[in-house]
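Below, chain A is the first sequence line, B the second, and so on; all start at residue 1. Since we're looking at a predicted model, the values are computed, not measured.
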Amino acid sequence: MSTKLMRGYKNIDKLLKLLETMYLEGAFSKQCVAELLGESFHASEGKLLDLVKNFGDDHIRYVLDGDKKFFYAGYDFFRDLYNYLMKIYFLKSTTSKRLKGYFLILHLLNKRPGQTTFELLDALAEEGFDFNDSPLRNLLQDMAEHGVIRYESQGKKHCYYLAEDSLIGLSDTELIDLYRALSFFSNSEFPYAIGDLTKRNLEMYMAHYRHMHVPTVDYFHVINKGFHLTLYEELFVELLDAIKEKRSIEVLQDGLITNFQPTEFQLDVDLGELYLIGRDHDGQRGRIKVYEWLHQQRPKMRSLSKRTVERAYFTIKNDFNNEEYQLFRLRALYPEAKLSIHNAYTTLDISAYGQEKIIEILLEQLPILESIDCDSVIEKDFRSILKKGRDLHATI
Amino acid sequence: MPLFSEFESLYHAMVYYLHDEISDGTKAWRDLSNALDGFGHNQEFLVSEDFQDALLDDSSGQFLHLFEELEGPEGIYYISKIKALPYINFSTLEKSYLRFILCHDKITAFLSNETIDKLRKALGPDGDLPSVFDTYLQQQHKGHIHLDATDSAHLKVLMTAIEKRHKIAYRYMDVEGRVYQGISAPLRLQHDMQSDRLYVIHFPNDYSKPVQGLLRFFSSIEPITSQSYELNAIEALSPYSIKGSSTVTLQIASDSPLLRKALVELSVFERVITRLDSGGKQLYNIQLTYYSFDKEKLMRKIRLLQPELKVIGPDAIKETINQQFSDALRRL
């Protein structure tokens with residue numbers, strides 16, 4: 001069997017870019033898709049249309065603008081976005097050798113548990129399958145990480161076994177509870193794809209080994225503006241490895257290529273943005289927007305040292321009809337703010353990185369904002385935005 | 001390790017599938033071809049013909065080594081050489097995710113402490129260690145609304161009722177102290193990530209349309225196992241969503257520093273975006289549909305994208321923004 005039979009999508013980054021555009025811009029034309037994917041994408045226009053149709057007629061509609069047909073995505077599109085991503089990855093490449101090796105190793109470990117790498121090499125040769133030492137070790141490691149086999153260390157040797165049923169101690173009711181928990185968290189808590197893969201495995205386990213009826217309902221509908229983050233999850237996992245292994249990556253800083261040592265991720269749920277935090281070769285702290293990897297080979301590093309913590313105090317009018325609800329909302333929106341409640345108004349003491357964040361909060365609360373007390377530069381900028389916003393929407 | 005393992009790919013799934021299909025040793029060659037077709041249909045995938053040919057071509061002699069060729073009275077058939085496939089287990093990454101949610105402050109709304117302990121043990125020696133997502137992923141500006149024991153009990157009743165399509169008896173008190181009670185069909189639960197609030201969307205017997213209530217404002221939810229409902233959540237909600245929706249047209253320049261932020265902020269709404277050329281300047285025209293109960297959310301988003309996002313129409317929204325900004329300039 002030739003390896004070309006094992007091909008997956010080679011242009012995965014371009015497809016991710018297309019999915020991102022569809023998610024964020026809502027609408028796209030055939031021309032826009034072709035432009036985005038460029039000439040190196042080996043799909044004809046017909047294939048691109050098939051790709052669009054794969055999302056389902058329920059969620060993809062189109063409008064005509066002159067002679068151009070624009071497709072656009074429906075409100076529930078994020079589920080399709082994710083399902084389609086799963087379909088793409090379902091075509092993930094492998095090689096015939098690794099595929100056969102995988103199943104033969106399972107077969108051999110079932111016949112005789114506890115074999116070492118060298119014993120497995122011999123046993124594979126007896127089956128007429130020629131494997132070298134290094135690719136076999138690599139395959140065994142991947143299979144162990146995938147959870148299908150496990151090993152016990154005996155000195156420098158590893159003895160391999162088939163993985164056992166790790167959920168044997170959990171009752172059927174507890175498995176249903178876990179399934180429900182994963183239904184909630186995989187929709188609400190980044191990383192979504194990893195959560196969903198965990199849920200899928202549990203589903204298979206319940207159906208195949210416990211012969212349970214797995215609920216097919218979607219309990220939760222999640223209002224989430226950050227579902228496009230799932231498109232960067234493979235990159236997120238790769239970068240997690242870089243952090244753990246203290247590996248540097250190349251980024252652009254002031255137009256020059258430099259090394260960047262990532263240390264952690266920062267997820268801004270409000271903004272739907274994932275950042276990678278780290279240090280450049282001079283030890284200066286900086287951050288990178290993860291989505292930029294999709295758009296350019298090397299992302300830009302922005303210095304964090306220039307950003308300072310800003311503080312602002314402001315008062316808002318209390319809503320006597322909905323006091324409890326207002327308080328509940330303020331606590332949900334600004335969990336780090338210190339609130340002081342008075343008779344007619346509430347004071348908020350807020351600290352945030354950068355003046356933009358402070359101005360955002362002031363604009364959010366604008367209709368009930370009573371007074372502000374903050375840095376004069378922030379106040380000046382805020383007033384300037386108010387004037388521009390007013391003039392932009394002047395009706396006369 | 002990679003997010004999506006090759007071991008979850010189409011090719012591996014196909015071998016698992018074939019193993020299941022012929023492991024009883026009674027399937028003949030003809031049936032194997034049908035089995036592959038069946039696999040394609042089950043997975044909503046058309047299995048590549050090249051792959052099928054190679055799989056079924058015994059002259060290549062490679063792949064079919066996994067299956068033993070036997071001859072019976074009705075011709076050649078195959079049995080799997082692999083006598084046992086492993087338990088479906090979690091990968092290292094998935095185990096990390098499980099450890100991550102086991103530390104989440106909402107996990108007790110779903111799992112008992114006893115189940116949490118059992119799961120930690122099931123995850124092996126690392127079960128008590130913090131997950132990589134706890135160690136290396138900071139979450140900013142995320143509200144964490146605590147779900148208490150009552151919320152948790154209500155959540156369980158609701159999820160079972162949604163699964164089994166059983167009705168519920170409920171008692172609800174809104175923020176102004178009005179009490180609503182009766183029998184209702186729970187359609188689904190809704191989680192607003194930004195405010196971290198959980199809502200129940202249900203269709204009361206004595207109402208003509210579905211209603212939405214905050215989970216924490218329910219003082220009682222009891223299952224009624226003797227009464228079931230046939231409603232599908234999406235079908236039940238769609239006619240009311242369309243009736244209550246309005247549109248607004250917005251515009252932002254393609255070179256605006258707030259373009260990406262605007263696209264992310266507005267992605268919670270259904271919208272059609274077209275690119276316009278206005279005197280050599282590229283503009284994004286955003287026609288957005290919103291429901292009446294989302295109007296305040298929309299206004300908040302328009303405000304925080306100022307002065308880059310322009311309201312083109314309707315005039316009422318444009319005037320409201322102008323008024324709010326003018327008033328603030330006078331007041332502050």
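If you measure heavy-atom distances from L366(A) to chain B, the contacts under 4.5 Å come from both the backbone and the side chain. Contacts of T160(B) with chain A are made by both backbone and side-chain atoms, with heavy-atom separations under 4.5 Å. For K261(B), the part sitting under 4.5 Å from any heavy atom of chain A is the side chain, from C-beta outward, and nothing else. For F133(B), the part sitting under 4.5 Å from any heavy atom of chain A is the side chain, from C-beta outward, and nothing else. Contacts between K387(A) and chain B at a heavy-atom distance below 4.5 Å involve backbone atoms as well as side-chain atoms. Contacts of T263(A) with chain B are made by backbone atoms alone, with heavy-atom separations under 4.5 Å and no side-chain atom involved. Both the backbone and the side chain of L178(A) come within less than 4.5 Å of a heavy atom in chain B. With a 4.5 angstrom heavy-atom cutoff, D165(A) touches chain B via backbone and side-chain atoms both. Contacts of D192(B) with chain A are made by both backbone and side-chain atoms, with heavy-atom separations under 4.5 Å. Only the side chain of L198(B) comes within less than 4.5 Å of a heavy atom of chain A; its backbone N, CA, C and O stay farther away. For Y219(A), the parts lying under 4.5 angstrom from a heavy atom of chain B are both the backbone and the side chain. Both the backbone and the side chain of I107(B) come within contact range of chain A, judged by heavy atoms closer than 4.5 Å.
Within the model, atoms CG of L214(B) and CZ of R197(B) stand 6.5 Å from one another, a figure rounded to the nearest 0.5 Å. Within the model, atoms CG of D177(A) and CG of L182(A) stand 11.0 Å from one another, a figure rounded to the nearest 0.5 Å. In this structure, CD1 on I302(B) lies 12.5 Å from CG on L363(A), to the nearest 0.5 angstrom.
Per-residue counts of heavy-atom pairs under 4.5 Å with chain B were compared for H208(A), E370(A), E174(A), M143(A); the largest is that of E174(A). Taking chain B as the reference chain and counting heavy-atom pairs below 4.5 Å, the highest number among V217(A), I277(A), L167(A), T198(A) is found for T198(A). Counting heavy-atom pairs closer than 4.5 Å to chain B, the top residue among S384(A), A163(A), P262(A) is A163(A). Between chain B and the residues T216(A), I372(A), V237(A), L274(A), the largest count of heavy-atom pairs under 4.5 Å involves V237(A). Among the candidates K156(B), M159(B), E308(B), M299(B), the residue making the largest number of heavy-atom pairs closer than 4.5 Å to chain A is M159(B). Note: E163(B) leads K118(B), E163(B), Q306(B), Q324(B) in heavy-atom pairs under 4.5 Å with chain A. Of the listed residues R260(B), R331(B), E114(B), the one with more heavy-atom pairs under 4.5 angstrom with chain A than any other is R260(B). Among the candidates K164(B), Q190(B), K121(B), E319(B), the residue making the largest number of heavy-atom pairs closer than 4.5 Å to chain A is Q190(B). Contact tally against chain B (heavy-atom pairs below 4.5 Å) for I361(A), D241(A), L369(A): the top residue is L369(A). Put simply, of F236(A), Y291(A), Y205(A), F220(A), the one with the most heavy-atom pairs under 4.5 Å next to chain B is Y291(A). When each of D315(B), I312(B), I101(B) is scored by its heavy-atom pairs under 4.5 Å with chain A, the top score falls to I101(B).
Residues forming a ring-ring contact (aromatic ring centres under 6.0 Å, His included) with H393(A) (at least two apart in sequence, or on another chain): none. Remark: Y16(B) pairs with F103(A) by the ring-ring contact (aromatic ring centres under 6.0 Å, His included) rule, at least two apart or across chains.
Judged purely by atom type and a 3.5 angstrom limit, Y179(A) uses its side chain to pair as donor or acceptor with the backbone of P215(A).
The aromatic rings of H191(B) and F184(A) sit tilted relative to each other, their planes meeting at an angle between 30° and 60°.
Checking N89(B) against S166(A) by side-chain atom types alone, a donor-acceptor pair falls below 3.5 Å. A side-chain donor-acceptor contact under 3.5 Å links H104(B) and E189(A).
With salt bridges taken as basic N to acidic carboxylate O contacts below 4.0 Å, none links K388(A) and D391(A). The pair E364(A)-R303(B) does not meet the salt-bridge criterion, since no charged nitrogen lies less than 4.0 angstrom from a carboxylate oxygen. Using a 4.0 Å cut-off between a side-chain N of Lys or Arg and a carboxylate O of Asp or Glu, R200(A) and E203(A) do not qualify as a salt bridge. A salt bridge links K106(B) with D196(B); the closest basic N to acidic carboxylate O contact falls under 4.0 Å.
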List the steps and the verdict of ring pair (Phe, Tyr, Trp, His ring centres under 6.0 Å) for F110(B) and F185(A).
CA-CA 10 Å; F110(B) 296 92; F185(A) 289 109; 5.8 Å; yes
